[in-house]
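First comes the structure, then the notes that go with it.
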Amino acid sequence: MLHKMLEERLQQAVASVLPGADVRSVLVRPCPDAKFGDYQSNALMALAKERKMNPRQLAIDVVAKLEVGDICEKTEIAGAGFLNFRIKPSAIAGVLQGALRGEHLFFQKTDHPRDIIIDFSSPNVAKPMHVGHIRSTILGDSLARVLRLLGHRVITDNHIGDWGTQFGMLIFGWKIERFFVNDPALLPDPIAELERVYKMVSQACDGKEESMTQLRQKFSYEPGLDLSSIQPEEVRSRARAELVKLQAGDSQNLDIWNRLQAISKTQFDRVYSRLGVRFDYVLGEGFYNPWLKEVVAELRDRGIAVESEGAIVVSSDGSVPQQQDPFLTQKEGKWVSNPALVQKSDGGFNYATTDLATLQFRWRGGHWGGEPDEIVYVTDARQQLHFRQVFAAFCRWHPEAKARLAHVWFGSILGEDGRPLKTRSGETVKLEDLLDEAEERAFEMVTRKIGEKEQTMSEEQRRDIARIVGLGAIKYADLSQNRQTDYLFSWEKMLSMQGNTAPYLQYAYTRVRSIFRKGNVEGGLGQTGDSLSLEASEEIALAKQLLNFGIVLEAVADDYRPNFLCAYLYDLSGHFARFYESCPVLKSEGAHRVSRLALCDLTARVIKQGLDALGIDTTEQM
RNA sequence: GCGCUCGUAGCUCAGUUGGAUAGAGCAACUGCCUUCUAAGCAGUGGGUCGUGGGUUCGAUUCCCGCCGGGCGCACCA
């Protein structure tokens, strides 16, 4: 908040010293080390460099024009031309009082709200959600929350995998299993049953003997189909035939397809409800099916897509340097085409086609009637080339599109062995099992800690805390790391009370709340009108940290990196812990007590708001 | 082969337009509970930021070469 004012005034001062300079690059940032001051700007050095000026002289000239006496002490010029600002305690108290009056919580809503579509999670129908979906889901949800908090209009859209070749196999499997609506075989765990059937058919397609044997004992659902002697090749063609029928609108296959959707929706709803994730739209790949033919036709008409080896492909138009061209690759020293397929040689479409149709739908305002300012895709790193190709093809197709297209990618989740996370038996880890285990481990920990403190708490209460702590731990472990690095999954680390973890932050929150409970002083703080007295270094450091909440939220929004917010909240909690050690709250009196209660209140509010922006709950007691 | 990406303390990771003496947690060691939750705090030790060049007043950050890991590269999504 204060840094914005400093920044504006500094920009004015620079503009008057260097008319015509682009002052947007003149930024004010928190100091890396408190000994230099509270905020700094190193932009003058860059400006001086561009103009071959003496940076210190420029700094002296700018400071002479700078009027910030109401906010900070004398501006210092250090080193090669750093400007260091030290905020006056009175200015800090002023901002804190604004927050106590409910005018703000150390951030401002944006002056330029953007319409932003965020595409994330994207699980597959008829399959269990697994650990591979967690990063996209959690990251996307958090980004949506942060952007909304800053006043942007966000549409979340879950682009589920409800279409494609696997449905041919699923429908074939459904038929030979003679499933019907509310089939008992599907009741206890329908997703697991569908997964079994899918595996059986897909492995039979690959010629696996065991699966072939199983399959040969199933029901031949139509004349001319003799399962007892069926060969892998026929399984493949049968599955393909079922897919073609589905795509042609066959009513029985559509019926089965709808049934698969319904079964999956139950699972998705269950998982998202546990995670506290909400979507404005769930428009699966199938939704875009009616447009695919037209997409390819248009691309061909405009010469963007051409036939190659029986397929329809988009390849390079030579508009960018070869090295940067997503449609080129080098083989044996020569640049060769590396096209994106939009139609297979058998006439089927693939995911580039669907993504282009989806992009067009979103760009044309299918969700709310207007062109969005930004469309964000949250997927894993492996899809980088795909999205570069899709974005490039789209820009050629609709050059007039202004929406910013962003691929927010993230690394893999690895097990403790450094290999992609798997269960002991080598299976992918199911998301629901992961959440169960998090809650179970958190429950054991809560129970143990409560026991150590010789306190009592009902099981229901402990379960409730464990749910909040366990899910928070999983989410926070993911969000607190730079999304682009692969991340090593460790129960021990994420549930640890030490370090940058959810339980540490949640615990810090309960310590604040406990003061208010003990002191019975809830509410009414904002109305006292008393001036705040910030004297102890721990009080001042905590207050200054509160001031920077907004800077961090904006950084998260600009770079799509929730880990900045995690680092900030960890720092804040550390400042609070130090304050808590050395500044008794309830035992202090007068202005000290008022000020300290105010710091506690604001700290709690920022932690709660910050965790909420990460999709993490807090609890009053731990 | 080409492309993307990573390489920072023993381990797991941060590192905000290039900026000041590269940070945190774990692990090791030392203190602090008649005091608002010690699930905490304070402190000590630990680094050729893979490597070699270049640009710069200044490089973990930008550029180039090399070494090592991960991933991707035509009909799966």
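Reminder, nothing fancy here: chain letters follow the sequence lines and each chain counts from 1. Model, not experiment: these values are computed from the prediction.
- Ring planes of A:Phe107 and A:Phe549: perpendicular class, angle over 60° (limits at 30 and 60°).
- Proximity of A:Ser315 to the phosphate of B:rA74: no side-chain N or O atom is located under 4.0 Å from OP1 or OP2.
- In this structure, B:rU37 makes no Watson-Crick or G-U wobble pair, since no nucleotide meets both defining distances under 3.5 angstrom.
- Of the N and O atoms on the side chains of A:Tyr351 and A:His386, at least one donor lies less than 3.5 Å from an acceptor on the other residue.
- Across residues 34-60 of chain A, A:Lys35, A:Phe36, A:Gln40, A:Asn42, A:Ala43, A:Met45, A:Lys49 each have a non-hydrogen atom less than 4.0 Å from an atom of RNA chain B (numbered order).
- Across all strands shown, B:rA28 forms a Watson-Crick or G-U wobble pair with B:rU44, both key distances being under 3.5 Å.
- Between the side chains of A:Asp325 and A:Gln323, no donor-acceptor pair of N or O atoms lies under 3.5 Å.
- Contact check for A:Gln383 versus A:Trp409: no side-chain heavy atoms found under the 4.5 Å cut-off.
- The partner of B:rG52 is B:rC64, by the rule that a Watson-Crick or G-U pair needs both atom distances under 3.5 Å.
- By the 6.0 Å contact criterion, CD on A:Glu589 is open, its count of non-hydrogen atoms from other residues, nucleotides or ligands being 12 or less.
- Note: CG (A:Leu479) to P (B:rA14) measures 13 Å, nearest angstrom.
- Using atom P as the reference point in both B:rU12 and B:rG7, the two lie 13 Å apart (nearest Å).
- Note on A:Asn482: a side-chain N or O is less than 4.0 Å away from OP1 or OP2 of B:rG15.
- Going from atom CZ of A:Phe387 over to atom P of B:rG72 covers 16 Å, rounded to whole Å.
- Nucleotides B:rU61 and B:rA22 have their P atoms positioned 14 Å apart, rounded to a whole Å.
- Separation of the P atoms belonging to B:rG54 and B:rA14 is 30 Å when rounded to the nearest angstrom.
- In this model, no donor atom of one side chain and acceptor atom of the other lie less than 3.5 Å apart for A:Gln11 and A:Arg24.
- At whole-Å resolution of the value, CD in A:Gln481 and P in B:rC13 are 5 Å apart.
- B:rA20 is unpaired under the Watson-Crick or G-U wobble criterion, no partner having all donor-acceptor distances under 3.5 Å.
- Annotated as anti: B:rC49, whose O4'-C1'-N torsion sits more than 90° from 0.
- With hydrogens and angles ignored, no donor-acceptor pair closer than 3.5 Å exists between the side chain of A:Ser122 and the base of B:rA77.
- In this structure, of B:rG19, B:rC73, B:rA39, it is B:rA39 that holds the atom nearest to the side chain of A:Val446.
- Scanning atom types as modelled, one donor and one acceptor separated by under 3.5 angstrom connect the side chain of A:Asn84 and the base of B:rA20.
- By the 30° and 60° cut-offs, the orientation of the rings of A:Trp163 relative to A:Trp257 is perpendicular.
- Rounded to whole Å, atom C1' of B:rA77 lies 9 Å from atom CG of A:Asp355.
- As rounded to the nearest Å, B:rA24 and B:rG47 have C1' atoms that lie 14 Å from one another.
- Under the 30°/60° scheme for interplanar angles, the aromatic rings of A:Phe387 and A:Phe391 are found to be tilted.
- Scanning for side chain to side chain donor-acceptor pair (under 3.5 Å) contacts around A:Thr137 gives A:Ser121, with sequence neighbours left out.
- Rounded to an integer number of Å, the gap from CG of A:Asn338 to C1' of B:rG1 is 13 Å.
- B:rC33 and B:rU48 have their C1' atoms separated by 44 Å, given to the nearest Å.
- Residue A:Arg483 is the one, among A:Gly348 and A:Arg483, whose nearest nucleotide of RNA chain B lies closer to the 5' end (criterion: closest heavy atom).
- The pair A:Lys35-A:Asp33 meets the salt-bridge criterion, since a charged nitrogen lies less than 4.0 angstrom from a carboxylate oxygen.
- Judged by distance alone, the side chains of A:Tyr39 and A:Asn84 never bring a donor and an acceptor atom under 3.5 Å apart.
- Counting only residues at least two apart or on different chains, the side chain to side chain donor-acceptor pair (under 3.5 Å) pairs with a member in residues 562-588 of chain A are A:Glu538-A:Ser582.
- Across all strands shown, B:rC4 forms a Watson-Crick or G-U wobble pair, both distances under 3.5 Å, with B:rG70.
- Near RNA chain B, defined here as any heavy-atom distance below 4.0 Å, the residues from residues 161-170 of chain A are A:Thr165, listed numerically.
- Positionally, the nearest nucleotide of RNA chain B for A:Leu341 lies more toward the 5' end than for the other of A:Leu341 and A:Phe349.
- Nucleotides B:rU8 and B:rA59 place their C1' atoms 14 Å apart, quoted to the nearest Å.
- For A:Glu285, the listed nucleotide lying nearest its side chain is B:rA77; candidates were B:rU17, B:rG40, B:rA77.
- When only modelled atom types and interatomic distance are considered, A:Thr358 and A:Asp355 share no side-chain donor-acceptor pair under 3.5 Å.
- The CG-P distance, from A:Leu292 to B:rA77, rounds to 11 Å in whole Å.
- Shortest non-hydrogen contact noted between A:Pro503 and A:Val469 is CG-CG1, 4.0 Å.
- Comparing B:rG25 with B:rG40, their C1' atoms sit 15 Å apart, to the nearest whole Å.
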Write out a two-atom table: protein N or O, nucleotide N or O from nucleotides 23-30 of chain B, distance below 3.5 Å.
residue: B:rA24; atom: O2'; partner: A:Tyr570; partner atom: OH; Å: 3.2

Polar atom pairs (N or O), protein with nucleotides 33-38 of chain B, under 3.5 Å:
residue: B:rU35; atom: O2'; partner: A:Lys587; partner atom: NZ; Å: 2.4
residue: B:rC36; atom: O2; partner: A:Val585; partner atom: N; Å: 3.4
residue: B:rC36; atom: O2; partner: A:Leu586; partner atom: N; Å: 3.2
residue: B:rC36; atom: N3; partner: A:Val585; partner atom: N; Å: 3.1
residue: B:rC36; atom: N4; partner: A:Tyr580; partner atom: O; Å: 2.3
residue: B:rC36; atom: N4; partner: A:Cys583; partner atom: O; Å: 3.2
residue: B:rU37; atom: OP1; partner: A:Ser514; partner atom: OG; Å: 2.0
residue: B:rU37; atom: OP2; partner: A:Lys518; partner atom: NZ; Å: 2.7
residue: B:rU37; atom: O2'; partner: A:Tyr507; partner atom: OH; Å: 2.2
residue: B:rU37; atom: O2'; partner: A:Arg511; partner atom: NE; Å: 3.4
residue: B:rU37; atom: O2; partner: A:Lys453; partner atom: NZ; Å: 2.2
residue: B:rU37; atom: N3; partner: A:Met622; partner atom: O; Å: 3.3
residue: B:rU37; atom: O4; partner: A:Met622; partner atom: N; Å: 3.1
residue: B:rA38; atom: OP2; partner: A:Arg511; partner atom: NH2; Å: 2.4

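- Defined by atom type and a distance below 3.5 Å, a donor-acceptor pair is present between the side-chain atoms of A:Ser496 and A:Gln498.
- Remark: B:rG58 base-pairs with no nucleotide in the shown strands. Criterion, Watson-Crick or G-U wobble with two distances under 3.5 Å.
- A distance of about 25 Å separates the P atoms of B:rU16 and B:rG53, rounded to the whole Å.
- Note: CG (A:Asp325) to P (B:rG72) measures 21 Å, nearest angstrom.
- When the shell of 6.0 Å around CD of A:Glu452 is examined, it contains more than 12 heavy atoms from other residues, nucleotides or ligands.
- Computed from coordinates, the A:Glu452 CD to B:rA39 C1' distance equals 9 Å when rounded to whole Å.
- At the phosphate of B:rG3, OP1 or OP2 sits under 4.0 Å from a side-chain N or O atom of A:Gln323.
- When each of B:rC71, B:rU5, B:rU12 is scored by its nearest atom to the side-chain atoms of A:Arg419, the top-ranked nucleotide is B:rC71.
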